[in-house]
Amino acid sequence: MKAAVFHKIGDISVDTVEDPRIEHAEDVIVKVTSTAICGSDLHIYDGFFPQLKDQVMGHEFMGIIEEVGSGVHKLKKGDRVVVPFPIACGSCYFCNHQLPVHCENSNKEHYGPQGDLTSGKGGGLFGYTDLYGAYAGGQAEYARVPFANFGPRVVPDSLTDEQVLFLTDIFPTGWSAIDWAQLKGGETVAIFGSGPVGLMAQKAAWINGAGRVIAIDPVQYRLDMARNTNRVETINSAESDAVQAIYDLTQGRGADVCVDAVGMEADRSFLEKVKATINVEKGTSKVLENCFKAVRRGGTVSVVGVYGSPYDNFPVHRIFDKGITIKSGQAPVHSYIDHLIELVTTGRVTLDDIITHKLPLSAARNAYDIFKKKEDGCVKVILNP
């Protein structure tokens, strides 16, 4: 089959690779009909997460079930499914406590409680390095999906791929950021980053009762999309001090909730890059630090942007002084997805209005390039095998 394969930093090509096959009784093989490039894919592409061997990329995908293992009883050949990006067994301690992304059985080689840089990691993820299970991803013509009785969800035929594809990752991730903050109604929510996850967090904030939603980003076309699709207020952080602007909009108190939807690959200066090199840091934590500054005392910071290393001068003093609540991590997609499918089906949320590019899988190399460089107004790329 054809697949987008990571070879080394900055090098992804569409290659012919071995077809996936049933390896365990609860596996299914999915014929991929739509897949997407995620900002998290760039963490591998840019070398922020190490991957020394070739890797079939992609953790946002959906398609038609082509083959089922002997132990699969909830799905059948021909079912059209979306696939959550975490791989979870559905029966371990963490799966039973609504934390499937921490599954004890899907990342045998590198799993553990420590959360270290290269060991003691969480559950398996599709297409996300050997550290997270070495699973082939879904930017391919076919994909093997383990634990299929627990993971994939059948979607209504009345909905197009584009309407439901983002239930795999970015909408549940944006939803997590808001759900963790436990809005009561009327709050001011400031969301740093208007990429795909930030845009989804904006949608989730409105649905969950926010009174104001403020989008912060240094790229104007992304702010324009946020304003046009999600009716939010915007701050261009390349043109003004975003933290001060949030103070000015909130009577000097700060936002009730701040969301970091950027993570370690935020824009940074030459001196910031030098500092990171000296301190052996991956990227920068400056967006997270701005969230701590911009949130009000007693407020909540939700972190769904990805971080992969420790950081020097982490502002624990500010967290303590302001009494900030922090929630962070990968989204527990399995815990949310059934409710989110209902939101899409009933028309309470529209997800496909952030798509800017639809390309064949054969164009994956170019698609990664324009997505990374933010060229041609690129916000979200769909690849069709």
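Any value given below was found using the heavy atoms of this structure, including those in side chains, with hydrogens, waters and symmetry copies removed. This is a predicted model, so every value here is computed, not measured.
Here the options are Ile382, Val83, Ile170, the test is side-chain contact (heavy atoms from CB on, under 4.5 Å), and the partner is Glu60; only Ile170 passes. Put simply, the residue from Glu18, Glu23, Glu66 that forms a salt bridge (Lys or Arg N to Asp or Glu O under 4.0 Å) with Arg144 is Glu23. In summary, of the residues considered (Leu165, Asp161, Asn384), a side-chain contact (heavy atoms from CB on, under 4.5 Å) with Thr33 occurs for Asp161 alone.
If you check the side chains of Glu342 and Thr345, you find no donor sitting under 3.5 Å from an acceptor. No hydrogens or angles considered: nothing links the side chains of His110 and Asp130 as a donor-acceptor pair under 3.5 Å. Counting only N and O atoms by type, the side chains of Thr229 and Asp353 include no donor and acceptor under 3.5 Å apart. Looking at Gln220 and Asn236, their side chains do bring a donor and an acceptor atom within 3.5 Å of each other. Side-chain atoms of Thr350 and Gln163 include no donor-acceptor pair closer than 3.5 Å. Checked by atom type, the side-chain pair Gln139/Thr35 shows no donor-acceptor distance below 3.5 Å. Between His59 and Ser40, the side chains place no donor N or O within less than 3.5 Å of an acceptor N or O (distance only, hydrogens not considered). With hydrogens and angles left out, the side-chain atoms of Asn107 and Tyr135 include no donor and acceptor closer than 3.5 Å.
Less than 6.0 angstrom separates the ring centroid of His334 from the ring centroid of Phe150. A centroid separation of less than 6.0 Å is found between the aromatic rings of Phe126 and Phe61.
Of the possible donor and acceptor atoms, none in the side chain of Asn230 sits under 3.5 Å from a partner among the backbone N and O of Gln202. Between the side chain of Gln55 and the backbone N or O of Met57 there is no donor-acceptor pair closer than 3.5 Å. A donor-acceptor contact shorter than 3.5 Å is absent between the side chain of Arg153 and the backbone of Asp338. Under the 3.5 Å distance criterion, the side-chain polar atoms of Ser302 are matched with a main-chain donor or acceptor of Ala177. Not one N or O on the side chain of Gln251 forms a donor-acceptor pair closer than 3.5 Å with the backbone of Asp248. A side-chain donor-acceptor contact under 3.5 Å links Asn96 to the backbone of Cys92. A donor-acceptor contact shorter than 3.5 Å links the side chain of Lys121 to the backbone of Asp116. Formation of a donor-acceptor pair under 3.5 Å by the Asp15 side chain with backbone atoms of Val17 is not found in this model. In this structure a side-chain-to-backbone donor-acceptor pair under 3.5 Å is missing from Tyr368 to Gly10. A distance-only check finds a donor-acceptor pair linking the side chain of Asp241 to the backbone of Val243 [under 3.5 Å].
Residue Ile29 comes nearest to Arg21 through the heavy atom pair CD1-C, 3.7 Å, listed as atom of the first residue, atom of the second, then distance. For the residue pair Val213 and Ala205, the shortest heavy atom distance occurs at CG2-CB, 3.8 Å. The shortest non-hydrogen separation linking Thr284 to Lys286 is OG1-N, 3.1 Å. Taking both residues in full, the closest heavy atoms of Pro152 and Val81 are given as CB-CB, 3.9 Å, listed atom of the first, atom of the second, then distance. Taking both residues in full, the closest heavy atoms of Leu361 and Lys2 are given as CD2-O, 3.7 Å, listed atom of the first, atom of the second, then distance. In plain terms, the two heavy atoms of Leu131 and Pro50 that are nearest each other are CD1-CG, 4.3 Å.
Remark: Asp369 CG to Cys378 SG distance equals 10.0 Å, nearest 0.5 Å. Taken to the nearest 0.5 Å, the SG atom of Cys38 stands 8.0 Å off from the CZ atom of Phe85. Annotation: the span from Ile37 atom CD1 to Lys380 atom NZ amounts to 8.5 Å, rounded to 0.5 Å. Distance check: Leu288 CG to Ile319 CD1 gives 7.0 Å after rounding to the nearest 0.5 Å. To the nearest 0.5 Å, atom NE2 of residue His7 and atom CG of residue Asp54 are 5.0 Å apart. Summarising the geometry, atom OG1 belonging to Thr356 is positioned 8.5 Å from atom CZ belonging to Phe371; distances are rounded to the nearest 0.5 Å.
Atom CD of Glu109 is surrounded by 12 or fewer heavy atoms from other residues, nucleotides or ligands within 6.0 Å. The 12-atom threshold is exceeded at NZ of Lys322, counting heavy atoms of other residues, nucleotides or ligands nearer than 6.0 Å.
Between Ser176 and Pro332 there is a side-chain heavy-atom pair separated by less than 4.5 Å. Using a 4.5 Å heavy-atom threshold, the side chains of Ile354 and Met225 count as touching. Side chains of Pro86 and Pro100 form no contact here, defined as non-hydrogen atoms less than 4.5 Å apart. Counting heavy atoms from C-beta on, the side chains of Val189 and Ile178 come closer than 4.5 Å. Taking 4.5 Å as the limit, some side-chain heavy atom of Phe171 sits within range of a side-chain heavy atom of Val349. With contacts defined as side-chain heavy-atom distances shorter than 4.5 Å, the pair Val379/Tyr221 qualifies. Using a 4.5 Å heavy-atom threshold, the side chains of Val344 and Leu159 count as touching. Residues Asn208 and Trp175 meet the side-chain proximity criterion, which asks for heavy atoms closer than 4.5 Å.
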Passes side chain to side chain donor-acceptor pair (under 3.5 Å), Lys74 versus Asn149? Steps please.
CA-CA 5 Å; Lys74 290 191 175 181; Asn149 287 317; over 6 Å; no
Set out, in order, the CA-CA distance, both residues' side-chain angles and the distance that settles side-chain contact (heavy atoms from CB on, under 4.5 Å) for Lys77 and Glu67, then state yes or no.
CA-CA 6 Å; Lys77 182 177 180 179; Glu67 186 179 353; over 6 Å; no
Apply side chain to side chain donor-acceptor pair (under 3.5 Å) to Asp260 and Tyr307, showing your working.
CA-CA 11 Å; Asp260 177 354; Tyr307 289 92; 2.5 Å; yes
Going through the distances and angles, do Lys327 and Asp179 end up as a salt bridge (Lys or Arg N to Asp or Glu O under 4.0 Å)?
CA-CA 10 Å; Lys327 292 283 289 184; Asp179 184 64; over 6 Å; no
Test Phe166 against Ile355 for side-chain contact (heavy atoms from CB on, under 4.5 Å), laying out the working first.
CA-CA 10 Å; Phe166 302 147; Ile355 299 170; 3.6 Å; yes
Give the intermediate values and the outcome of side-chain contact (heavy atoms from CB on, under 4.5 Å) for residues Val14 and Val5.
CA-CA 6 Å; Val14 178; Val5 180; over 6 Å; no
Check the pair Thr173, Gln330 against side chain to side chain donor-acceptor pair (under 3.5 Å), reporting the backbone distance first and the verdict last.
CA-CA 7 Å; Thr173 297; Gln330 304 277 11; 5.9 Å; no
Apply salt bridge (Lys or Arg N to Asp or Glu O under 4.0 Å) to Arg318 and Asp321, showing your working.
CA-CA 5 Å; Arg318 180 171 290 114; Asp321 182 75; over 6 Å; no
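Ring pair Phe49/His43 is tilted by interplanar angle, where 30° to 60° counts as tilted.
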